[in-house]
Q: 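Here it is, the structure in full.
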2 protein chains.
Amino acid sequence: MFIFYNDVYVMNRKEIQEQRMKDYFIQATKEILKGEGIQALSVRSIAEKAGYSFATLYNYFKDVKELIFLCVKDFQQECQEYVEDKTKDLQRGEKKIIATAISYAEYFVQYPSVFEIFFIEKLPNSTENAKISELISSFLEKLCQEEFQYCIDKKSFTDEEIREIVKELNCLITGILLLYLNRNYPSDYGDFAKNLKSQIEKTMKK
Amino acid sequence: MFIFYNDVYVMNRKEIQEQRMKDYFIQATKEILKGEGIQALSVRSIAEKAGYSFATLYNYFKDVKELIFLCVKDFQQECQEYVEDKTKDLQRGEKKIIATAISYAEYFVQYPSVFEIFFIEKLPNSTENAKISELISSFLEKLCQEEFQYCIDKKSFTDEEIREIVKELNCLITGILLLYLNRNYPSDYGDFAKNLKSQIEKTMKK
DNA sequence: TTCAAAATATGAACAATGTTCATATTTTAT
DNA sequence: ATAAAATATGAACATTGTTCATATTTTGAA
């Protein structure tokens, strides 16, 4: 169909350029989400920040949802770095798990629009999106995995206990965040933080 | 300013008529939310179902959000009836609290758009909306209040324990629902129901 | 270097959204 | 019956995501 000097080379060049273009749009999307927030996010605002027309966006993404959810991995990376920095000096095991869970929640309080993308924004049904959902739902577990394994090895928890705890922590923190960010419950940040900590600690105590 | 035959009578008539009009729109909104769902909800679809022009809606509500959140009380009433019917024959106390919490969650699984209105749809900041947030955030507590009091009287729980449990149940169930409804986690309804039950039971065991 | 073809970027246009407003219609009270 | 007040309404607007024909740029061979 196409004639190339060197198939592989040309393909790579094309892909590199295409990825670069995608990255401009992804970067713009992330900046808007972290800055002005999701209510300022639109096809046109993204394209403007990226330095292209809104129509150009559609040459690289099938729709704006695809673009938005391509940010998930980057935000997870950033969140992971935030959490690791906050917990790096703590003693291993239970203490570190608690601190990890708290930092994880703090990240979303800092970037409510990232919480929206992760948990609220609707994902159209597709096998690709099922993977993204999975990535999001199991993210806290991933953050804690190493410490959980440490606890299992140390026999302070059984494998089964850990499985239950991580599920509960995940649901609990998601709910605490949703109520705080969307329903102003509790209305005071201090109360929120206190409640977050005490509920996480209680979950770990079984 | 205005001249009336009988001040009180005329005011009442006007108010009755106005409330009737509001109810037509509220009823239409509830029907769409429970039927086609929130993605089918628009100013125009509401007005069509109510039998009026979309512009008429703005003579009775300052915006569509006001109308949407006026449905909250009705949905809470309906949810309460659903829960009471599901739990009416159960023995009082802990068992009934657990069943109440499960039924509460089931109601939202049955009507995901009601969950959206309750927990996801953004409320513009106002003192009126703060009350609605409060109503939503404390709804599960209200549903369980009688049984909690029964437990306290029976001395199976202290006042302080109950306060902590209700807060935890509320956050936990909100999170379980959000992950299931929005992130398909877990993907199987049976797993969801099992997880819901086991986490509620664990929360009650302290 | 030149030029045709392929690739890419873009604005016009569309449908759907919430909202406002001037005006048409209906209701009210005398 | 009629003037005035109340109410209902469609036209219009701004904003949204998306599509598409076309303008522009890039590419590769002569």
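So you know, we letter chains A, B, ... as the sequences are listed, proteins then strands, and number each from 1.
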Q: When every nucleotide of nucleotides 8-15 of chain C is labelled 5' to 3' by its protein contacts under 4.0 Å (heavy atoms), B for base, S for sugar-phosphate only, - for none, what sequence of letters results?
A: SBBBBB--
Q: Apply the side chain to side chain contact (heavy atoms under 4.5 Å, CB included) test between A:Leu196 and each candidate in A:Leu177, A:Asp191, A:Ile176; give the one that qualifies.
A: A:Ile176
Q: Regarding A:Glu134 and B:Arg183, does a basic nitrogen lie under 4.0 Å from an acidic carboxylate oxygen?
A: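 Salt bridge between A:Glu134 and B:Arg183, a charged N being under 4.0 Å from a carboxylate O: no.
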Q: Send over the distance from B:Ile16 CD1 to C:dT27 P, rounded to a whole Å.
A: 18 Å
Q: Of A:Leu169, A:Thr87, A:Ile173, which meets side chain to side chain contact (heavy atoms under 4.5 Å, CB included) against A:Tyr104?
A: A:Ile173
Q: Rounded at 0.5 Å granularity, tell me how far OH in A:Tyr24 sits from OH in A:Tyr60.
A: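 Those atoms lie 10.0 Å apart.
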Q: Could you tell me how far apart A:Arg20 (CZ) and D:dT26 (C1') are, to the nearest whole angstrom?
A: 15 Å
Q: To the nearest Å, give me how far apart CD (A:Glu66) and P (D:dG17) are.
A: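 Whole-Å distance recorded here is 15 Å.
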Q: Between A:Lys34 and A:Glu78, does any NZ, NE, NH1 or NH2 come within less than 4.0 Å of an OD or OE carboxylate oxygen?
A: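 Here A:Glu78 pairs with A:Lys34 in a salt bridge, since their nearest N and O are under 4.0 Å apart.
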Q: In whole Å, what is the span from the NZ atom of A:Lys65 to the P atom of D:dG17?
A: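 Distance, rounded to whole Å: 10 Å.
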Q: Calculate the interatomic distance between B:Gln39 atom CD and C:dA16 atom C1'; express it in whole Å.
A: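 Rounded to whole Å, this separation is 14 Å.
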Q: Quick one: do A:Glu201 and A:Lys197 make a salt bridge, cutoff under 4.0 Å?
A: yes
Q: Using a heavy-atom cut-off of under 4.0 Å over every strand shown, decide if B:Val43 touches base, sugar-phosphate, or nothing.
A: base
Q: When the distance from CG of A:Leu41 to P of D:dT15 is rounded to whole Å, what number comes out?
A: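 Interatomic distance, CG of A:Leu41 to P of D:dT15: 16 Å.
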